[in-house]
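Every chain is numbered from 1 and lettered A, B, ... according to where its sequence line falls, protein lines coming before strand lines.
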There are 2 protein chains.
Amino acid sequence: MQQIADAAGVSVTTVSHTMSGKRPVNPETATRIKRLIEEFGYVPDAGARHLQSGRSRMIGLAVPDISNWYFGRIARGVEEMADELDYGLIVCSTFNSDPRREKRYFNMIRTRMIDGLVYTAGRQISEMNELEKVAASSPVVLADEGIDRLSSLPWVTSENLEGARLVAAHVRQLGHTRAVIIAGFPGLNSTIERVAGIREYFPNALVLNGDFEMQSGYDLVGDLLANDFPFTAVFGCNDLMAIGAIRRLREHGLRVPEDVTVVGFDDIEIASVITPGLTTVHQDVVTIGRTSARLLIDGIEAGSFDAIESVVVPVDLVVRGTSGPVAS
Amino acid sequence: MQQIADAAGVSVTTVSHTMSGKRPVNPETATRIKRLIEEFGYVPDAGARHLQSGRSRMIGLAVPDISNWYFGRIARGVEEMADELDYGLIVCSTFNSDPRREKRYFNMIRTRMIDGLVYTAGRQISEMNELEKVAASSPVVLADEGIDRLSSLPWVTSENLEGARLVAAHVRQLGHTRAVIIAGFPGLNSTIERVAGIREYFPNALVLNGDFEMQSGYDLVGDLLANDFPFTAVFGCNDLMAIGAIRRLREHGLRVPEDVTVVGFDDIEIASVITPGLTTVHQDVVTIGRTSARLLIDGIEAGSFDAIESVVVPVDLVVRGTSGPVAS
DNA sequence: TGGAGTGCGCAAAGCGTTTTGCATAATTCG
DNA sequence: CGAATTATGCAAAACGCTTTGCGCACTCCA
């Protein structure tokens, strides 16, 4: 910048002002300076800006695993919005809440490497104390999964309860009465709400807790079959577990949906690709990401989250081939 | 830091030295300072460090779309390695080389927001001039896809040629002679190599160019069927197109693999979930990401890429259910 | 014609580190 | 025992930008 100032015969102040527009600059001078900036290919140094302003124009996103399709979609949404608002995105895979990694990323907020954090809780909720401390003094928004202990933070989630009702009503209407719920981790809000929604229609449904991976759907259904537990419908609290359940059922010689109806939740990419397609609840995950980023950045720029309202993103029932009338 | 220095009754210099260890400090003083640091919860300001050192300890990753499973895996690998080497990761989805976005991210390197860039070329190779300029003066490593015009940069790719040979040999051995190749974009190295490998076994195979999306596999096979083009095997240059092809074949009443053998490339998550499983070439995508990050950071820390060798990551043939002997 | 603006520009003070050049005291060596 | 080290610590200079406080020259209104 000094270089530009020298070449233009002005002070760095003037150059800075022509760039920021915070003080008037003679149009003639401004043009000359702008031409030189162009010519020199000058760009302001991010580090200096950061130090001076105390803001990095970077936000962080913590997800359990960036290579999971679902969280990838969230990341995409966050990144889209961040980009639109001229922020950069630093991603942090917590790898299921590896404390060392989480600590590292929380430190990013302390060192003011990032101006705020979008946090998506994963399998186990660990290090909540750390998060709580960080959130007490820095901008944090919870995406996809609310956390009771941090209820004061703004959050963005899907209509889990309503989604569960929709799909449960659908299955009920097909005549099913004996259903099993393959739920997620017990402590998660999403799990609780989804189970509650399903139970409005199937009050006695058995609830088994899985870990959101395909294998756990496979294994849990295996246990049921081994015990001759009677059921005609399986509710997966996410699509992966539902798909695992389908595989296990098939291996056992049962047909889907003729013998057993299986439904999921999420509508991940795979759900529409398998045959038959998985009946599930579509979540607008990109929107969750986008909205989270917007709330966060709004809060950062406003300097407070007092005026920031949490958001619930609507869901849709998507009926495909894995749900059918109960066998008579 | 001033605060710590005051509390300890020393100068900031001494505090800085106890932290960095670049000058000896009296053990007694050091202990006292460390305790105070702990007590105050002091962490050095990232912006100030960045300005002073000229390094941000951040690297960038540019991929076409972070929510694509394949690129998500690359991101995971890059992030893992970056984390191990104590670097942060800024992700940049280029959304198929949207020039505005690319420009923005290239600027991150200019503003020295990031110390280097892992670049994964997408569908269309645009803005190469920009990349070329950036790469001339800053650390850039190409991941997953080499680029001829930038052959001087270090790169990390899969053994595309060998992988194509493996799968082609497999299909040839099943007795097939009439094959069709659903290739990717014509200009990409991976496309060229994969086609070349397949053609060693099927010299006359028809080559159709798709865009790596499921729909294009579907559409291209549709064209073939509409023209009664005779074939018994389809090579997808990635799994998504292969899956699209399978769907179209099935809709046309053809069975896979009884009537037509279909194979892919990548071994994405979906490939093992569909029924039957997709025969394909497994790429170790996470390793591509990890290696790229390592090369980049090695280069950054060495101050030069002269000693950095490009890497080819091995692939495996994965035989599943979509390939079978030619119908007699 | 004397204030009261207002348009433009400069100098200088930070922002929070790291690093360099000196001091001073303590230790070692020939 | 004098000289050469070594150990320890401080002051001050960067790093490249933004912002604040002033000054100077106009213009405007009564």
Side-chain angles (χ1 to χ4, degrees), chain A residues 1-34 36-37 40-58 86 88 107-115 137-138 301 303, chain B residues 1-34 36-37 40-58 86 88 107-115 137-138 301 303:
Chain A
M1 186 181 252
Q2 188 62 59
Q3 217 179 0
I4 304 281
D6 291 348
V10 297
S11 75
V12 289
T13 313
T14 308
V15 177
S16 177
H17 284 149
T18 59
M19 299 193 74
S20 69
K22 296 207 172 176
R23 287 267 187 102
V25 174
N26 186 315
E28 208 172 297
T29 320
T31 318
R32 183 155 39 98
I33 290 173
K34 281 182 187 152
L36 285 165
I37 285 174
F40 280 63
Y42 164 81
V43 280
D45 180 274
R49 268 206 153 133
H50 182 180
L51 172 59
Q52 161 67 33
S53 66
R55 303 210 165 291
S56 60
R57 293 198 80 82
M58 289 277 149
D86 200 32
N107 253 356
M108 275 199 184
I109 232 176
R110 295 213 184 84
T111 64
R112 302 196 310 168
M113 177 76 243
I114 54 180
D115 296 340
S137 60
S138 311
E301 307 211 320
Chain B
M1 185 182 254
Q2 187 64 58
Q3 216 178 0
I4 304 282
D6 291 348
V10 296
S11 75
V12 289
T13 314
T14 308
V15 177
S16 176
H17 284 149
T18 60
M19 299 194 75
S20 68
K22 296 209 172 175
R23 286 266 187 102
V25 174
N26 187 316
E28 208 173 296
T29 321
T31 318
R32 183 159 35 99
I33 290 172
K34 280 180 188 153
L36 284 165
I37 285 174
F40 281 63
Y42 164 79
V43 280
D45 180 274
R49 268 204 154 134
H50 182 182
L51 172 59
Q52 163 67 28
S53 68
R55 302 207 165 295
S56 61
R57 293 198 80 81
M58 287 278 149
D86 199 31
N107 254 358
M108 277 199 183
I109 232 177
R110 294 212 184 84
T111 64
R112 301 194 312 166
M113 178 77 244
I114 55 180
D115 296 341
S137 59
S138 311
E301 306 211 320

Asker: Is the shortest side-chain heavy-atom distance between A/Met19 and A/Ile37 below 4.5 Å?
Answerer: yes
Asker: Does B/Arg23 or B/Ser53 map to a spot on DNA chain D nearer the 5' end, using the closest nucleotide for each?
Answerer: B/Arg23
Asker: Would you mind reading off the distance between A/Arg32 atom CZ and C/dG9 atom P, rounded to a whole angstrom?
Answerer: 8 Å
Asker: In whole Å, I'd like the distance from the CZ atom of A/Arg110 to the P atom of C/dG16.
Answerer: 18 Å
Asker: For DNA chain C, which residues in residues 1-17 of chain B have a heavy atom at a distance below 4.0 Å?
Answerer: B/Met1, B/Thr13, B/Ser16, B/His17
Asker: Closest-nucleotide mapping onto DNA chain C: is B/Ser20 or A/Ala48 further toward the 5' terminus? I mean the 5' end.
Answerer: A/Ala48
Asker: What is the separation between atom CD1 on A/Ile37 and atom P on D/dC17, rounded to the nearest whole Å?
Answerer: 10 Å
Asker: A/Asp45 has an atom CG; how far is it from atom P of D/dG16, in whole Å?
Answerer: 7 Å
Asker: Calculate, to the nearest 0.5 Å, the distance between atoms CE and OG1 belonging to A/Met1 and A/Thr14 respectively.
Answerer: 10.0 Å
Asker: Take atom CG of B/Asn26 and atom P of C/dT27, then tell me their distance rounded to the nearest Å.
Answerer: 11 Å
Asker: Minimum heavy-atom separation for B/Ile4 and B/Leu36, please, with both atom names.
Answerer: CD1-O, 3.8 Å
Asker: Can you tell me the distance, in whole Å, between the NE2 atom of B/His50 and the C1' atom of C/dG16?
Answerer: 14 Å
Asker: With no hydrogens and no angle check, is any side-chain donor or acceptor of A/Ser20 less than 3.5 Å from a backbone partner on A/Ser16?
Answerer: yes
Asker: Side-chain contact, heavy-atom cut-off 4.5 Å: A/Met58 with B/Met113?
Answerer: yes
Asker: Please tell me if B/Arg49 has a side-chain N or O lying less than 4.0 Å from either OP1 or OP2 of C/dT18.
Answerer: yes
Asker: Name the nucleic acid region contacted by B/Pro24, choosing base, sugar-phosphate or nothing; use a 4.0 angstrom heavy-atom cut-off, strictly under.
Answerer: base
Asker: Please step through side chain to side chain contact (heavy atoms under 4.5 Å, CB included) for the pair A/Arg23 and A/Thr13, ending with a clear verdict.
Answerer: CA-CA 10 Å; A/Arg23 287 267 187 102; A/Thr13 313; over 6 Å; no
Asker: Return yes if some donor-acceptor pair links the side-chain N/O of A/Arg112 with the main-chain N/O of B/Gly47 below 3.5 Å, else return no.
Answerer: no
Asker: Would you please confirm or rule out a distance under 4.0 Å between OP1 or OP2 of D/dT8 and any side-chain N or O of B/Thr29?
Answerer: no
Asker: Does any part of the side chain of B/Gln3, heavy atoms only, come nearer than 4.5 Å to the side chain of B/Tyr42, both counted from C-beta?
Answerer: no
Asker: Roughly how many Å is it from CG in B/Leu51 to P in D/dC15, rounded to a whole number?
Answerer: 9 Å
Asker: At what angle, to 10 degrees, do the two end axes of the helix from C/dT1-D/dA30 to C/dG30-D/dC1 meet, given five pairs define each axis?
Answerer: 40°
Asker: Indicate yes or no: at least one non-hydrogen side-chain atom of A/Asp6 is less than 4.5 angstrom from one of A/Gln2.
Answerer: yes
Asker: Among D/dG16, C/dT19, C/dG9, which nucleotide sits nearest the side chain of B/Lys22?
Answerer: C/dT19
Asker: Could you tell me the separation between the CD atom of B/Gln52 and the C1' atom of C/dT17, rounded to a whole number of Å?
Answerer: 6 Å
